[in-house]
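Chain naming here is simple, since letters A, B, ... match the order of the sequence lines and numbering starts at 1 in each. Remember, it's a predicted structure, so these values are computed and weren't measured experimentally.
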Amino acid sequence: MTPLTRHSAMGLRQLLERREVSAVEVVQAHLDHIAASDGHLSAFLRVTGEQALAHAADVDRRITAGEPTGTLAGVPLALKDVLATRGIETTCGSKILESYRPPYDATVVRRLREADAIVVGKTNMDEFAMGSSCENSAFFPTRNPWDLERVPGGSSGGSVAAVAAGHVPLAIGTDTGGSIRQPAAFTGLVGVKPTYGTVSRYGLIAFASSLDQAGPIARTVTDAAWLLEAMSGHDPLDSTSIPEALPGLRGTLEAGVDGLRVGVVREFLGTDGLQAGVKARVTEAIDRLAELGADVVEVSLPHAVYGVSAYYLIAPSECSSNLSRYDGVRYGLRCDGSTAEAMMAATREAGFGAEVKRRIMIGTYALSAGYYDAYYAQAQRVRTLILRDFAAAHERCDVLVSPTAPTTAFRLGDKVSDPLAMYLNDVFTIPSSLAGSPAMSLPVGLDDDGLPVGLQIMAPVLCEPVMLRVARALESDLGFDPAPRGPNSLTEVAA
Amino acid sequence: MSTTTALEQATRFEAVIGLEIHVQLATRTKMFCSCAIDFGGEPNTRTCPVCLGQPGTLPVVNRRAVEYAIRLGLALGCQIAPSSQFHRKNYFYPDMPKNYQISQYDVPICLGGELTVATDAGERRVGITRVHMEEDTGKSLHVLDTTSGVGVDPAEGLRVTRISDADYSLVDYNRAGIPLLEVVSEPDIRTATEAQAYLTELRAIVLALGISDAKLEEGSMRCDANVSLRPVGHTVFGTRAEVKNMNSVRSLGRAITYEIARQTDLLTRGEPVVQETRHWNEATGTTSTLRVKETTEDYRYFPDPDLVPVQPDPAWVDELRASLPQLPAARRARLVESLGLSGQQAAGVVGAGLAPLLDEAVAAGAPAAEAANWLTNEVTAWANERGVEPAAAPLTASHLAELTALVADQTLSKKLARQVLDRVLAGEGPPREVAAARGLAQISDTGELERAVDAAIAADPAAAQRVRDGNRKAVGALVGAVMKATKGQANPALVNELLTGRLTAPDG
């Protein structure tokens, strides 16, 4: 019999609806699994077992009493520690917020609680979501369940590690330049960055406001679609939240790809430094799409190559301002200083890690008088060009595809001393972030080292249904098994 | 250099003055969150995660604040931007929850208006550069543990000082996030009087629009003055100083007069004016250096990515334009033209916000000029003594009409009417009732007055004799005696008449 911790969220819902298991049993099984194996992974910054069991018991009571329950009733869920949770420490992976307890719930968290998803804990991340390996967490790095010597990707490294390991069937990540998609690719998971504005940012602690977007991480496309439906929707507390609701996602999931036009991004598949294993699996997957009836063509995004440069001006600029509030005056870390100014400086010096400081400095510089036009304004112009590239490509194609990342999961420590190499891991994911359009990663096989490879599927704004439909068709065809395996995997080491 | 030469040189400079006025809007809630704006609350009780800048929170624009900005813009003849943007002004200060202020930068909501102000030298047109929206900061209290401080905060009883030498600081965020409009004038003002007239007129407009209580003393309206000098006839601006902390129209005038004298003195002695921010000290009547701006501070403005552009529906703007109340200038003109008030009376009534009351009183039968005098003298003085708005006086139009009627039918003398009005303002009821209850009606009963007149003549035969001898002025002493005997309630004209009749009529 499949253990509860390897069931999909949908599978768990069916068991719960048939009363074959109780929500408390489901949650307890996952908590036990976390207790037994997270020592190898360090996916969680904190586990909220007591609250989780209390919520599960309440769900069970309501099921028994025939009272209404939410769409995700009894399904365990992990939250990236960038989402504000009322009364529960929310650190953003940073020393500066080490003991910070928000006085409110993020809108996403509120929606998921209302859907009766059971929050079992907060997951590790690169500090303030800045990083692609989870090694920038101020507390500890998280390991990849497929190979414990490798990174899970980042910044949502804790969330993907938890889902891949079976600690939870669902997790929330956030994506600013690829922070859901790249880690999902590294751990063999489905990770979706929705259209900017479909999921409320209220309570998502900002890194780069014009790019940040929360999204679902799951082991199956259907689970991801389901979670996205539960978490999205207009929020009057977020001025950038778009008024239109996402169209229904699950209704068209099984519609297949027959007749859909799929564009292969020429520049991405032709990149130097694309690992052979990645290229091979992605190419095979594209061939399968053609086999399944899709009309596969080659397209060009000529300005996408400037995406990384533009991103590393826009995101740091916004972050330099967003992170000014961490000054020791109102909450979080406070270091002593002889004056208010000295206190603020000492707090920021001690509280932020090297990568955060690097980006604050880049952003401060880029916004400075005399440089603004050359850097920030110029980067915004590049953003417009990339947007036009996508518009042109989508005139011919329903979806675009590419590798999610140029490599599979790299070893811990491999890139920490080379920020540029680290930044280039986001080269394929950044363009959709800049365009505000939806994109996702789907696992399409393993490379020669037995590490998962992700296919990125990109769609026009609010076209999540067609994007997920393509993903579901391919998932069904490939039959990828998301359970981590291999000599150095969690499964082997923990067994 | 001889005094004469210095004076000659001094007269060759003219002042160039621009005013930046912050108006705190009387919206129900803050600029970007739903916290109530409610003054006088305990520190940090009018706050929420948004206005405290808690991680993850986001701003949402207060539509009413946008409406108020548009109303002021329309009243000042500005262009209303079809799309304006909020920017972040980045700088670190403990009373700023996010360490950036959400403000407007290169695309403000209102651009290019003007204000015509009346001065002794005639009407002057002052250009309005812009009106923009922003959020207020919190309030810091920098405290000294020991020895002497700059002053004592009355509310806390703490010794307060400047941030640089404080032992600790306290911050109250109740004010953080309250909506402000900043009204920036062109450097079109030349004298302290013009600056005062401009501030007075802008305040009157703000009050007429009902968008702020505009209290300079309490900081709901704040005025900074940029002052520079240049030789008469030159067009290039001199180096300016920005003067802050003037909390009345009067102190604005004093501060500018002082600043002009200070800069004149510097320039006359051949010394440069330093570009700096100066603090007006009301007690000493001087300005002093607050901080020197060696370079322009770099606020790293950029469009706030948490907010979308403000794009008011043109139909809404038209609606707001159509529903603007009559503005002070038009109100004054109307009072002069249709009610026959003098320019000064009209300015007094409108300036005190009493035009609606006057209109109602006139409709209720009060003579306009007389009612205006009661309003601009007694009612305004009453309000000033209490530090409240004249319009808040507990005086109705029918009270005012009744009062003027009582004077007209000689029931009350002017003096008695003043006493009655005091009682009315004290809440004792309508004038007629007050006069009756307090026995303040004027005595016009000739029988009663005749007895008092006879008594006065008997008491001061010498004065009576002087009157008989043709000294008309001597009657004053006797009138005074009668008034005193009747506790001021005698009708003085009647007393005069009776006395004159008694003392000039042929005997027997």
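- When all heavy atoms of B/P303 and A/Y376 are compared, the closest pair comes out as CD-CE2, 4.2 Å.
- Side chains of B/R300 and A/Y372 form no contact here, defined as non-hydrogen atoms less than 4.5 Å apart.
- Contact record, B/P94 with A/M344: N-CE, 4.1 Å, taken as the closest heavy-atom pair.
- When all heavy atoms are compared, the tightest approach of B/P55 to A/Y104 is O-OH, 2.6 Å.
- The part of A/Y331 that comes within reach of chain B is its side chain, from C-beta onward, which places non-hydrogen atoms under 4.5 angstrom from that chain.
- Within the 4.5 angstrom heavy-atom criterion, no atom of B/Y168 approaches chain A.
- When heavy atoms are compared at a cutoff of 4.5 Å, B/D306 approaches chain A by way of both its backbone and its side chain.
- Both the backbone and the side chain of A/N322 come within contact range of chain B, judged by heavy atoms closer than 4.5 Å.
- Panel note: side chain A/S239, backbone B/P59; a donor-acceptor pair is recorded below 3.5 Å.
- Taken to the nearest 0.5 Å, the CG atom of A/D327 stands 4.5 Å off from the CG atom of B/N99.
- Heavy-atom distances place the side chain of B/Y100, and not its backbone, under 4.5 Å from chain A.
- Proximity to chain B involves both the backbone and the side chain of A/T364, based on heavy atoms less than 4.5 angstrom apart.
- The two residues A/R325 and B/Q54 have their closest heavy-atom pair at NH1-O, 3.3 Å.
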Take B/N44 and A/R330 through the side chain to side chain donor-acceptor pair (under 3.5 Å) test and state the conclusion after the steps. CA-CA 11 Å; B/N44 297 309; A/R330 290 160 300 276; over 6 Å; no
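- Using a 4.5 Å cut-off between heavy atoms, B/T57 touches chain A through backbone and side chain atoms alike.
- For the set A/S210, A/P103, A/A206, A/A84, the entry with the most heavy-atom pairs within less than 4.5 Å of chain B is A/P103.
- Interface remark: A/Y100 contributes side-chain atoms only to the contact with chain B (heavy atom separation under 4.5 Å).
- The ring pair (Phe, Tyr, Trp, His ring centres under 6.0 Å) search around B/F32 returns B/F86, not counting sequence neighbours.
- Residues B/F302 and A/S317 are not in side-chain contact: their nearest non-hydrogen atoms beyond the backbone lie 4.5 Å or more apart.
- Under a 3.5 Å cut-off, the side chain of B/D298 and the backbone N or O of A/A369 do form a donor-acceptor pair.
- The OG atom of A/S321 sits 11.5 Å away from the NE2 atom of B/H87 when rounded to the nearest 0.5 Å.
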